[in-house]
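Here is the structure we will look at.
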Amino acid sequence: MNRVAFFRFVLCCVSPLLFAGCGKYDPPQFSLNMVAIAKQQLPFDQQQEVSNILDGMFGTPDKPFVLGQGKSIADSETGLDPKKLAVAAGPVRSDEFGRETGLYRRHCGHCHGTTGDGLGPTAMLLNPYPRDYRPGKFKFKATERAAKPTRADLELIVRHGVQGTAMPAFGLLPDAQVDALVEYVKYLSIRGQVELRLIDAMAELGQDEKLQLTRANLVDEILKPIVESWNTANESIIKPEDKPDVELATSIDKGRELFYGTKGNCAKCHGPSALGDGQTSDYDDWTKPVTELASDLRGEEERLRTDTDLSNEDRVALKMHVALASQALKADSLPPRTAQPRNLRQGIYRGGRRPVDLYRRIYAGINGMPMPAVGPASPGAKGTMEPDEIWSLVDYVLSLPYESISQPPHHQPATLSKANF
Amino acid sequence: MMRKLCTTSLILGAGIAWASGAAAADWATLKGRFVIDGTPPKTAIIEPTKDQEVCGKHKLYDESLVVDEKGDIANAVVMLKTKLKDNEVAPDFASSATDKVELDNKNCRFEPHVAVMRTSQTLVLKNSDPAPVSHNTNISPLINAGINPVLAAGGDPLEHKFEKEEGLPIKVGCNIHPWMGAWLVVRNDPYAAVSDKTGEFTIKDLPVGKELEFVFWQEKAGYLKNAAFKGGKSDTKGRFKIKLKPGENDLGDIKVSGGLFKK
């Protein structure tokens, strides 16, 4: 990245927005991660600063990377392709040759939100809620638990959707469009991760400290490691050892034993009959910040009501935080729902039904979800289970929908049931 | 090295003690004791919702604030904020640079409740509980990648390293037993400590004569702001600056306002 670009970027951060929409088209803005901001109790000036830095680094929903105004700082550092982003970003349009732009807003935004926060207008009605890309966590992928998805993983999700959820399959889109959409998901995710890091960095500042807007701080410390984790996802693909050559029935028996035994511990969450009714009171990683903020808020409201020795200064600070937290919860989050372990008797696998998909799910657990890993904590280290044991679990899980108790009772003939009314 | 010389020479007698005194004087110890200023809130008892046959036998309570009847606060964290150069860290620490730091799942809780490790050290995750109590240890860092391995009852311990320093303690949980919680401090330098059940902490072998900034933190309150101690007070971000003299530097009682814990 050259000097000029960096100065332009810094300028962008410090100069306030000089014009606001006076024409007909009001360009959409990215919204701030208010739940994280309220949790860290960032004051208004620091919120503004986070927003300015992000605009300087990533541009706006219509002009990612300040496209058309020369290269911005993130442009050269993220390795993202501005041409692909230009196709996915912006308002829904098509030119005289029928070339479409604004693909994200057309196909994804109403669920995943303009900012990729999972807060689109349809989101509230869905269960599970659409993914919030901002923490950079994805569930269904070929890589180690906390590693990023590969490009191929994301393409698979977009083409095939997530079975059993509202995430549709976009199998009919041309390759180039899928490619552009995947690039844009990465862009929103990297942007969201940078935002979270900035919020944390602000919160870690001392009383009179200010965040240094230097290249070392913003690019080397914050942006680069995030980009690096995306660019190295291919190195973290879980490659299972070949399935051992044992008879299926034997393998299923072993898998059953592991599933209900203390080594697998699967039944603790998935329930004594694998119906998904074991541990049902936990939350996933996208919801935890919301429940934690809600609990902070309850405590603070209680304190305002009952603590009679509060100093005036403390009272004012508390009231401000109560206002910030209630607003964030009301406007920038969805009602928390607990994470439900899957009913494994239905034979619906969100992350794919090939044995290798299930192997990876069981080996690494499901990122962002309570479901833990029976494989090692770090690649190459020792895990709780050996590969042959994981394969047996795969066989057992795949056999569950065919056990007799999984089959639905015979339906009454339609005429008969109607006669009852 | 220096340190070992010093202890042996103390045993050897007064003649050499003078020389070793100079060696010990190269480094400083910071200590203090966290006490609550106000009435401690009541501690909530936890009724286990899973594995009651085993976990029900242990007295489990909410550990997000542990205060004894005298008001001593356990599990408060003190960390050095100032970044030191390698040669400002006491050479003694080299011998523990690759030590293992244990985090056990024991009696349906984590032990210790706050673990401190360096990026050069290895975390060892253990499960000491009897069957059928298997655990998982879900660690959610802010900067490093997270992990969540199953720890089977009777299974072997698992090992993990974190590459990067974390600015704040990071959260540890168990998804099978959601009441279980712990914190992990991951640092490049060895200068962090956790208060024990009498509220006391000690950080040894700190550099002398240089202005150092420290921060006080506790999981329920966050930064321990405006905590008054002998000769000073933390600021609104729980920080304070101090120039240490050789030998012991005692902050005495560090008074933390009870209001900070009312959440």
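Remember, it's a predicted structure, so these values are computed and weren't measured experimentally. Residue numbers begin at 1 in each chain, while the letters A, B, ... track the order of the sequences.
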Tell me which one of B/Lys106, B/His177, B/His135, B/Arg109 satisfies side-chain hydrogen bond (donor to acceptor under 3.5 Å, both in side chains) with B/Asp129.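 Going through the options one by one, the only one that passes is B/His135.
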
Pick out which of B/Glu88, B/Glu165, B/Glu213 makes a side-chain hydrogen bond (donor to acceptor under 3.5 Å, both in side chains) with B/Lys83.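 Filter result, single survivor: B/Glu165.
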
Identify which of B/Gly238, B/Gly146, B/Pro149 forms the greatest number of heavy-atom pairs closer than 4.5 Å to chain A.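 The answer is B/Pro149.
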
Shorter than 4.5 Å, heavy atoms on both sides: which option in B/Lys161, B/His160, B/Glu159, B/Lys225 has the most such pairs with chain A?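 Of the options given, most contacts go to B/His160.
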
For a side chain to side chain contact (heavy atoms under 4.5 Å, CB included) with A/Val194, tell me which candidate from A/Val227, A/Ile226, A/Ile199 qualifies.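 With A/Val194 as partner, A/Val227, A/Ile226, A/Ile199 yield a single side chain to side chain contact (heavy atoms under 4.5 Å, CB included), made by A/Ile226.
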
Tell me, for [X] versus chain A, whether the close heavy atoms (under 4.5 Å) come from the side chain, the backbone, both or neither.
| X | answer |
| --- | --- |
| B/Asn144 | neither |
| B/Leu151 | backbone |
| B/Lys171 | side chain |
| B/Asp156 | side chain |

Is it the backbone or the side chain of [X] that comes under 4.5 Å from a heavy atom of chain B, or both, or neither?
| X | answer |
| --- | --- |
| A/Met371 | backbone |
| A/Ser281 | side chain |
| A/Glu144 | neither |
| A/Glu292 | side chain |
| A/Glu302 | neither |
| A/Lys288 | side chain |

Do [X] and [Y] have side-chain atoms, one donor and one acceptor, less than 3.5 Å apart?
| X | Y | result |
| --- | --- | --- |
| A/Thr150 | A/Asn234 | no |
| A/Thr338 | A/Gln340 | yes |
| A/Asp282 | B/Asn175 | yes |

In terms of heavy-atom pairs under 4.5 Å, which option from A/Glu301, A/Lys382, A/Met369, A/Glu204 contacts chain B the most?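 Counting heavy-atom pairs under 4.5 Å, the top option is A/Glu204.
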
So which residue, A/Asp208, A/Asp307, A/Asn265, ends up with the most heavy-atom pairs under 4.5 Å with chain B?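 Result: the option with the highest number of such pairs is A/Asn265.
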
Sidechain N-carboxylate O distance under 4.0 Å for B/Lys126, B/Glu102: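 Judged by the 4.0 Å cut-off on N to carboxylate O distance, B/Lys126 and B/Glu102 do form a salt bridge.
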
With a 4.5 Å cut-off on side-chain heavy atoms, are B/Leu125 and B/Pro157 touching?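 The answer is no, as the side chains (C-beta and beyond) never meet within the 4.5 Å cut-off.
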
A/Trp391 and A/Glu386: side-chain hydrogen bond (donor to acceptor under 3.5 Å, both in side chains), yes or no, with the steps? CA-CA 9 Å; A/Trp391 279 123; A/Glu386 297 300 324; over 6 Å; no

